[in-house]
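Each ligand, and each atom within it, is numbered from 1 in the order the structure gives.
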Amino acid sequence: MSAPHQLDQRARNAFREAFGYPPGSVAVAPGRMNIVGEHTDYNQGFVLPAAIDRHTAVALRLRRDVRIALSSDRYGGSIALERLPPRRQGNWADYVLGVAREIGNRFGEGPGFEAVVASDVPVGAGLSSSGALEVALAVALLAARGIEMAPLKIAQLCQTGENEFVGAQTGIMDQFTALKARGGNAILLDCRSLEDEYVPLPGGQLTWLLADTRVRHELASSAYNQRRIECEAAARELGLTSLREASVDDLERIADPVQRHRARHVITENARVLSAADSLRRRVPRGLGPILYASHESLRLDFAVSCRELDCLVELAAGMPQVIGARMMGGGFGGCALVLVESTGTDDVEQHLSQGYAEEFHRSPQFYRVRAVDGVMPERVA
Ligand code: ADP
Ligand code: MG
């Protein structure tokens, strides 16, 4: 049985166990990797994500009253609410409630619901467990209420839920990918026009290996907000609405050296996304190697969002002939490194990274070998 079907079944079973009757709808949404294009989405730039074979399933049934009952196999206990609260609760339910609230804002407040979450997406590792949860919940709740909505609109609704209810100022990449991904492909997404193009990923000869540092430094969210502010200031100084419109020739007009570096990352990273997409379109995936390394250096030096753990994994990877390229992935200060490996060398690479990392940090990284899969499974009303 495929991973999404297994999770679908797990969520159904857990729902039946919790409530004694079957769910009304179930939806299964994937996490994602991002091949290149980091900190570009909120600068109206380009990203190149793909959905991965790690999923979150939501099984849901509408109630006759307005109560809400939630549980997740990742968190103990269940959450019971008298009604949809107007403000965040400060726990995982916020991701569910934010999306439910946005659906209510657009289509009128509906009845309450019971929902059960089952997932194998690592939480907080930069693989978008939050986006997968939001999208699965949205698709399941919309199906239960009999509302049809275009995928892009669902992605935007989920993003608004995360931005306004949870309070995380993230871009649209995660939700867009969970909805629209296609197996074996990455999505070249223009975050300004929201136009997208599928680009083919390499077949079985190469493997996408995610090496999770298993650290998340405190700095992560404050630095994220600070980088957003620095990028906005740099764009303003150039008289532009975003750094998307800037080119390397503009850099010397940015007086503040920190802002100049931040801008340089965004400008060069956008170019790297386009050139990576081009390599993939031309079916020369090994051309990604230098692009991945250059992205890492730019994130480390110009954008200053890497950390010792990520640098260590990328350096170890770069020392191996079986590795095509590697870089930190996600917002930074922890999470995963993305490593593109010759498939035959994957075991050796894992071992080398494990050893080198353990010598330095006295712990092992966690590895995920991932495949590019389809976006959210069409909702099924039981
Ligand atoms: P990520 O990179 O994994 O998306 P985030 O910090 O954006 O990291 O989102 C993680 C949060 O999303 C968790 O702290 C939790 O609140 C919520 N979440 C993710 N997956 C689940 C799940 N399976 N069950 C309940 N909550 C989840
Ligand atoms: Mg997230």
Side-chain angles (χ1 to χ4, degrees), residues 3-4 6-8 10-11 14-15 18 26-34 38-39 41-42 47 49 51-52 54-60 68-79 88-100 114-138 140 155 158-179 210 212-225 305 310 328-338 366 368 370 376:
Q6 264 171 26
L7 275 158
D8 177 296
R10 249 170 66 191
F15 189 97
V26 181
V28 188
R32 60 109 192 90
M33 61 178 164
N34 184 23
E38 223 60 82
H39 289 276
D41 61 350
Y42 58 80
V47 291
I52 57 172
R54 294 280 176 150
H55 295 84
T56 296
V58 171
L60 180 148
I68 292 174
L70 306 171
S71 65
S72 163
D73 62 0
R74 285 302 166 87
Y75 297 89
S78 53
I79 292 173
R88 64 192 294 262
Q89 309 284 293
N91 58 35
W92 68 267
D94 289 339
Y95 292 84
V96 168
L97 303 172
V99 170
E114 288 145 352
V116 166
V117 184
S119 176
D120 64 3
V121 187
V123 170
L127 306 184
S128 184
S129 67
S130 60
L133 173 57
E134 290 155 14
V135 167
L137 189 281
C158 291
Q159 186 199 5
T160 307
E162 183 157 346
N163 290 170
E164 293 186 0
F165 197 83
V166 181
Q169 292 308 311
T170 51
I172 199 170
M173 168 168 72
D174 297 357
Q175 297 85 355
F176 192 95
T177 309
L179 277 148
L210 301 173
D212 189 348
T213 58
R214 297 165 68 197
V215 297
R216 193 81 186 133
H217 292 296
E218 271 303 310
L219 212 59
S221 58
S222 60
Y224 182 90
N225 293 332
V305 289
L310 286 165
M328 58 155 280
M329 198 182 78
F333 304 105
C336 291
L338 172 71
Q366 173 94 42
Y368 312 108
V370 296
V376 70

**Student:** Kindly say whether T170 contributes a backbone atom to a donor-acceptor pair with the side chain of N163 at under 3.5 angstrom?
**Tutor:**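 Yes; judged by distance alone, with no hydrogens or angles, the pair exists.
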**Student:** Sort by chain and number the protein N/O/S atoms found under 2.8 Å from the Mg ion (ligand 2).
**Tutor:**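 For the Mg ion (ligand 2), the protein N, O and S atoms that sit under 2.8 Å away are S130 OG.
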**Student:** Taking D8 for its side chain and P4 for its backbone only, find out whether a donor-acceptor pair lies under 3.5 Å.
**Tutor:**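 Looks like no, no N/O pair under 3.5 Å.
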**Student:** Would you tell me whether S78 and S71 have side-chain atoms, one donor and one acceptor, within less than 3.5 Å of each other?
**Tutor:**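 No donor-acceptor contact under 3.5 Å links the two side chains.
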**Student:** Working to the nearest 0.5 angstrom, can you tell me the gap between S221 OG and F333 CZ?
**Tutor:**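 So the OG of S221 and the CZ of F333 are separated by 10.0 Å.
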**Student:** Could you tell me the separation between the CG atom of N91 and the OH atom of Y75, rounded to the nearest 0.5 Å?
**Tutor:**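 Spacing of CG (N91) from OH (Y75) equals 9.5 Å.
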**Student:** Counting N and O atoms only, with roles assigned by atom type, does the side chain of R214 sit under 3.5 Å from a partner on the main chain of Q366, one being a donor and the other an acceptor?
**Tutor:**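 Between the backbone of Q366 and the side chain of R214 there is no qualifying donor-acceptor contact (under 3.5 Å).
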**Student:** At a 4.0 angstrom heavy-atom cut-off, what protein residues surround ligand 1?
**Tutor:**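 For ligand 1, the contacting residues are S72, R74, Y75, W92, Y95, V117, S119, P122, V123, G124, A125, G126, L127, S128, S129, S130, L133.
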**Student:** Please answer whether the main-chain N or O of D120 pairs with a side-chain N or O of H55 as donor and acceptor at a distance below 3.5 Å.
**Tutor:**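 No: the side chain of H55 does not pair with the backbone of D120.
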**Student:** Do R32 side-chain atoms and G126 backbone N/O form a donor-acceptor pair below 3.5 Å?
**Tutor:**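 Between the backbone of G126 and the side chain of R32 there is a qualifying donor-acceptor contact (under 3.5 Å).
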**Student:** Any side-chain to backbone donor/acceptor pair from Q175 onto G131? Under 3.5 Å, distance only.
**Tutor:**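 Not at all, since once roles are kept as given, no pair shorter than 3.5 Å links the two residues.
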